[in-house]
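Quick caveat, the model's predicted, so the values are computed rather than measured. Numbering starts at 1 and runs along the sequence shown.
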Amino acid sequence: MDDTEPIIDLHSDAYFMGQALREARKAYAAGEVPCGAVIVREGRIIARAWNQVETLKDATAHAEMLALTAAQEALGDWRLEKCTLYVTKEPCPMCAGAIVHCRPERVVFGCPDPKGGAAGGWINLLEANPPLNHRCDVTSGVLGEECVYLLQSFFREARERKKLERGAGEIIDLEE
């Protein structure tokens, strides 16, 4: 083996965030906001999910919510102790509330959401919030640039589509 070959650490935050990004790309391909999530326990992915709000016509079908449900099913328990949630974008208040109640040890996210994030962006429901029954260790910025790029590309394309749709509906007077 060549000493210059990179070693892939299959238990690193970057590896698992890469898996969450794979899920986000599925959302992108389906026309959903490209957020993806995986839940890991003892070095193994036990749940995967991507945003499906439009697909399922369900405002609660965020990647985190779907991953939490899948992980609970996989473990046969609503408590996700000894688990880490990897998600490409900082969780919103709805997702952060559910995360706290499910009790994973850690939450790792890619890019912050300063306007609506609930893991330190807008508010912080995951760490040091005494009234809640649990707190999570939070790590942010893992593969953050890739996560931001995917979201920016999605919204840029959506704006372009909207412009084209508006333009296609206009009547052009050729005699002017």
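- Note that the CG atom of Leu125 and the CE atom of Met94 stand 12.5 Å from one another [nearest 0.5 Å].
- Put simply, the side chain of Glu90 gets close to the backbone of Gly121: a donor and an acceptor are under 3.5 Å apart.
- Counting only heavy atoms from C-beta outward, the side chains of Gln52 and Asp58 never approach each other to under 4.5 Å.
- Counting heavy atoms from C-beta on, the side chains of Trp122 and Asp113 never come closer than 4.5 Å.
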Side-chain donor/acceptor pairs under 3.5 Å, residues 137-144, sequence neighbours excluded:
{"residue": "Asp137", "atom": "OD1", "partner": "Arg135", "partner atom": "NH1", "Å": "3.4"}
{"residue": "Thr139", "atom": "OG1", "partner": "Arg106", "partner atom": "NH2", "Å": "3.1"}

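- Pro34 and Ala27 make their closest contact through CA-CB, 3.9 Å (heavy atoms, listed as atom of the first residue, atom of the second, distance).
- Contact of the His62 side chain with the Cys35 side chain is not registered, since no non-hydrogen atoms from C-beta on lie closer than 4.5 Å.
- Here CZ of Arg48 is found 6.0 Å from CZ of Arg22. Values are rounded to the nearest 0.5 Å.
- Looking only at distances, no side-chain donor or acceptor of Asn51 sits under 3.5 Å from a matching main-chain atom of Val53.
- No donor-acceptor pair closer than 3.5 Å links the side chain of His134 to the backbone N or O of Ile99.
- When hydrophobic clusters are built by joining Ile, Leu, Val, Met, Phe, Trp and Tyr residues whose side-chain heavy atoms come closer than 4.5 Å, directly or via intermediates, Leu21 is not grouped with Val148.
- Under the 4.5 Å side-chain heavy-atom criterion for Ile, Leu, Val, Met, Phe, Trp and Tyr, Tyr149 and Phe155 are members of distinct hydrophobic clusters.
- Atom CZ of Arg44 sits about 10.5 Å away from atom CZ of Phe16, to the nearest 0.5 Å.
- Taken from OG in Ser12 to CE in Met17, the straight-line distance is 10.5 Å, to the nearest 0.5 Å.
- Within the model, atoms CZ of Arg159 and NZ of Lys163 stand 8.5 Å from one another, a figure rounded to the nearest 0.5 Å.
- Between Cys92 atom SG and Met65 atom CE the span is 8.0 Å, to the nearest 0.5 Å.
- At a threshold of 4.0 Å, the pair Lys26-Glu23 counts as salt-bridged, since one of the basic side-chain nitrogens sits closer than that to a carboxylate oxygen.
- For residues 20-56, the set of pairs meeting the ring pair (Phe, Tyr, Trp, His ring centres under 6.0 Å) definition, not counting sequence neighbours, comprises Tyr28-Phe154.
- Counting all heavy atoms, side chain and backbone alike, Pro91 lies closest to Ala96 at CB-N, 4.2 Å.
- Residues passing the side chain to side chain contact (heavy atoms under 4.5 Å, CB included) test with Ala37 are Ala63, Ala67, Leu85, Val87, sequence neighbours excluded.
- One hydrophobic cluster, built from ILVMFWY side chains closer than 4.5 Å, cannot hold both Ile39 and Leu66; they sit in different ones.
- Between the side chain of Thr88 and the backbone N or O of Cys147, no donor-acceptor pair lies under 3.5 Å.
- Between Cys83 and Leu80, the shortest heavy-atom contact is CB-O, 3.0 Å.
- Within 6.0 Å of CD on Glu157 lie more than 12 heavy atoms contributed by other residues, nucleotides or ligands.
- The minimum heavy-atom distance between Arg25 and Glu146, with the atom names listed, is NH2-OE1, 4.1 Å.
- Contact annotation: the side chain of Leu68 never approaches that of Trp78 to less than 4.5 Å [non-hydrogen atoms, C-beta and beyond].
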